[in-house]
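Okay, structure first, notes after.
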Amino acid sequence: MLGSIATFAVYGIDSRRVEVEVDIRSGGLHAFSIVGLPDRAVREARERVRAALSNSGFDFPRGRITANLAPADVRKAGPVFDLALAVAILTTSGQIPPDAAADSAVCGELSLGGALRPVRGMLAMALAARREGIRRLIVPLERGEEAALVEGVEVIAVSDLERMGALLRGEWEPEPLAQGRPSTDPDEPEPGLDLADVRGQHDAKRALEIAAAGGHNLLMIGPPGSGKTMLARRLPSILPPPSFDEAIEITQIAGVAGMPYHGLTTSRPFRAPHHTISPSGLVGGGPVPRPGEITLAHCGVLFMDELPEFARHALEALRQPLEEGRVWITRAQRSVVFPADFMLVAAANECPCARADGQCRCSETDRLRYVRRLSGPLLDRIDLVCQVPRAAPLELVGSAGSAGESSAAVRARVIAARERQALRLAFDGIACNGAMDGRLTRMHVSPDAPSRDLLLESHRALALTARGHDRVLRIARTIADLEESEVVRADHVAEALGFRVGATTGLAA
Ligand SMILES: Nc1ncnc2c1ncn2[C@@H]1O[C@H](COP(=O)(O)OP(=O)(O)O)[C@@H](O)[C@H]1O
Ligand SMILES: [Mg+2]
């Protein structure tokens, strides 16, 4: 007797359909074997499936059972095939009607007692089920809501194998879960970190707003304790909320990375890896490729604190993803692509001693050598550089009414500026000024006559490079967008020049 059922395996951040086929021959030696590149976890599945079936009131068929997981070229890892194996055995052995699950796919791990346990990457599996035209997806109870975010696939959430049997025999007819965007989806930004918490630091807040508005990568330079980390952590609060599709993508990535599901995300991710992180931790990798920090930061912010302390090859590995918004991980014969479209915010001290007490004795040479570590792999990709000086005591103590603007107020301007950019860049396949290459920059940023004069003068006085020139134009474009001005004027260019690399570091650019 031969039977089969569809299930899904996580592959990259995506999921692929796997067909579980079972053949049962009566007589001869009793045996249960699984073929199709199973790893240890799949072999262990034999024991779990056997126990779960027996403990749920089913018979474990006698005879020779062979299970095949197809296609063979998908590396099967983890216990995600338990449920599919159990259901295939039940249909093949006639304990439930053979075509009961014909238009369905099942995903779940089993406990020895027959309870369905959640699996990693449920949202990715549901998206794949829709792509494959699966009508009904049967999943563990805890993952039902996550799977039902995907419209067009009926999701049934089941607690254990016994219920599963009742469902497939038609003795239990549960309502499918409500599909799509949860109705309780709050549009409000999450309460918490707010830009109003940061006292003073007008220039740094301005840089943060421009970075958010144009999707520009940002580097903050300043002494320890000046508030760089505090500022960076508040960037997500002034970014536009993710669209529904972005929220799905962010949630899918978090699910594949094994993070617990707390509903569809309403905010953009903020990732702050420590500077000792390995290149594969940063960009992704491993024998079964797992997403790295840059993919977990997709649609959000990657914060690299103490940028000069990161290993050089880790920084090198960031170059291609920063350019392309995704990363290729190649292992043996296989290669997967992970999305990695994030804003980079980096922070650095101005000198190697990092003394907070103002007693720094670093020489100018020490300082320059330290700052030069920044040049090379990444500085090219950073449009905005700003100085974050230690705030004056008076600013920190503050007075009534000295609290700055709230994140909500800044975010409203950011959203308006992004809308202008989206209209202008609609045909270029990008969303914001920070993503314009040299060609697009020259096409979309036409400074008026006084600002052209100012640029010419700066070339002479500041030794602006060609790339530096493009960066200034991109920033000026975003400043104009924040002011709802289609024309880029001299005051926009002048402000942009203050954020160029050389203005803070003394490096050429
Ligand atoms: N401008 C500021 N307004 C309010 N608090 C500040 C400010 N700057 C620094 N602080 C306080 O100092 C602490 C250290 O700041 P932090 O952001 O970690 O500095 P850095 O990252 O530059 O070393 C913060 O947690 C905050 O409590
Ligand atoms: Mg810090």
Side-chain angles (χ1 to χ4, degrees), residues 190-212 216-239 267-277 282 293 297 300-311 314-315 318 342-362 366-367 370-371 373-374 378-379 382 384-411 498-499 501 503-505:
E190 280 171 33
L193 303 181
D194 199 290
L195 214 52
D197 304 336
V198 183
R199 301 208 165 252
Q201 300 295 12
H202 297 286
D203 292 353
K205 285 188 197 168
R206 174 72 174 158
L208 208 60
E209 176 173 342
I210 297 168
H216 302 283
N217 298 325
L218 168 71
L219 168 64
M220 294 184 285
I221 298 183
S226 63
K228 301 181 295 297
T229 303
M230 193 182 184
L231 284 156
R233 290 200 173 278
R234 282 155 182 76
L235 178 55
S237 72
I238 61 169
L239 287 171
S267 57
R268 295 178 182 274
F270 179 89
R271 303 293 302 181
H274 190 256
H275 57 72
T276 52
I277 193 170
L282 193 60
E293 287 292 329
V301 178
L302 181 77
F303 177 46
M304 299 177 80
D305 210 351
E306 322 275 358
L307 185 67
E309 306 292 334
F310 280 79
L315 298 182
L318 277 182
F342 56 90
M343 268 180 76
L344 174 68
V345 177
N349 292 310
E350 6 182 42
C351 65
C353 79
R355 288 181 68 146
D357 54 8
Q359 304 290 306
C360 166
R361 298 218 180 80
C362 292
D366 294 337
R367 201 191 65 80
Y370 189 71
V371 168
R373 273 203 234 164
L374 298 172
L378 282 199
L379 219 46
I382 294 178
L384 270 166
V385 180
C386 82
Q387 190 92 45
V388 186
R390 201 169 286 121
L394 204 61
E395 271 182 333
L396 283 178
V397 176
S399 56
S402 71
E405 272 184 306
S406 69
S407 287
V410 180
R411 170 143 103 161
F499 290 120
V501 181
T504 304
T505 60

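No hydrogens, no waters, no symmetry mates; every other heavy atom, side chains included, goes into these values. Just so it is clear, the model here is predicted, and its values are computed rather than measured. In listed order, ligands and their atoms are each counted from 1.
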Pairwise distance NZ(Lys228) to CD(Gln387) - rounded to 0.5 angstrom: 10.0 Å
Distance in Å, Asp305 CG paired with Thr229 OG1, rounded so as to fall on 0.5 Å steps: 4.0 Å
Numbering the atoms of ligand 1 from 1, which are under 4.0 Å from a heavy atom of [X]?
{"X": "Val198", "result": "1 (N), 3 (N)"}
{"X": "Ser226", "result": "8 (N), 19 (O), 20 (P), 22 (O)"}
{"X": "Pro224", "result": "23 (O)"}

Which atom pair, heavy atoms only, marks the closest approach of [X] to [Y]?
{"X": "Phe303", "Y": "Pro273", "value": "O-CD, 3.5 Å"}
{"X": "Met343", "Y": "Ala211", "value": "CE-O, 3.4 Å"}
{"X": "Asn349", "Y": "Pro223", "value": "OD1-C, 3.9 Å"}

Between the main-chain N or O of [Y] and the side-chain N or O of [X], is there a donor-acceptor pair closer than 3.5 Å?
{"X": "Lys205", "Y": "Val198", "result": "yes"}
{"X": "Gln201", "Y": "Pro389", "result": "yes"}
{"X": "Ser407", "Y": "Leu195", "result": "yes"}
{"X": "Arg234", "Y": "Asp194", "result": "yes"}

Should the proximity of Leu231 to ligand 1, defined as any heavy atom under 4.0 Å, be assigned to the side chain, the backbone, both, or neither? neither
Where on Gln201 is there a heavy atom closer than 4.0 Å to ligand 1, on the side chain, on the backbone, on both, or on neither? side chain
Looking at ligand 1, does any of its N/O atoms fall within less than 3.5 Å of an N/O of [X]?
{"X": "Asp305", "result": "no"}
{"X": "Met230", "result": "yes"}
{"X": "Gly227", "result": "yes"}

Partners meeting side chain to side chain donor-acceptor pair (under 3.5 Å) with Ser406 (sequence neighbours left out): none
Under the rule for side chain to side chain donor-acceptor pair (under 3.5 Å), what residues qualify as partners of His274, not counting sequence neighbours? Thr276
Taking only residues at least two apart or on different chains, which pairs with a member in residues 216-227 satisfy side chain to side chain donor-acceptor pair (under 3.5 Å)? His216-Asp383, His216-Thr478
For distances below 2.8 Å, what is the count of protein N, O or S atoms around the Mg ion (ligand 2)? 1
Quick test of your reading of the structure: of Met220, Lys228, Arg199, whose heavy atom lies closest to atom 1 (N) of ligand 1? Arg199
Options Ile221, Thr229, Asp197, ranked by nearest heavy atom to atom 18 (O) of ligand 1, top entry: Thr229
Could you tell me if any non-hydrogen atom of Gly222 lies under 4.0 Å from any atom of ligand 1? no
Heavy-atom contact check, 4.0 Å cutoff: does Gly225 meet ligand 1? yes
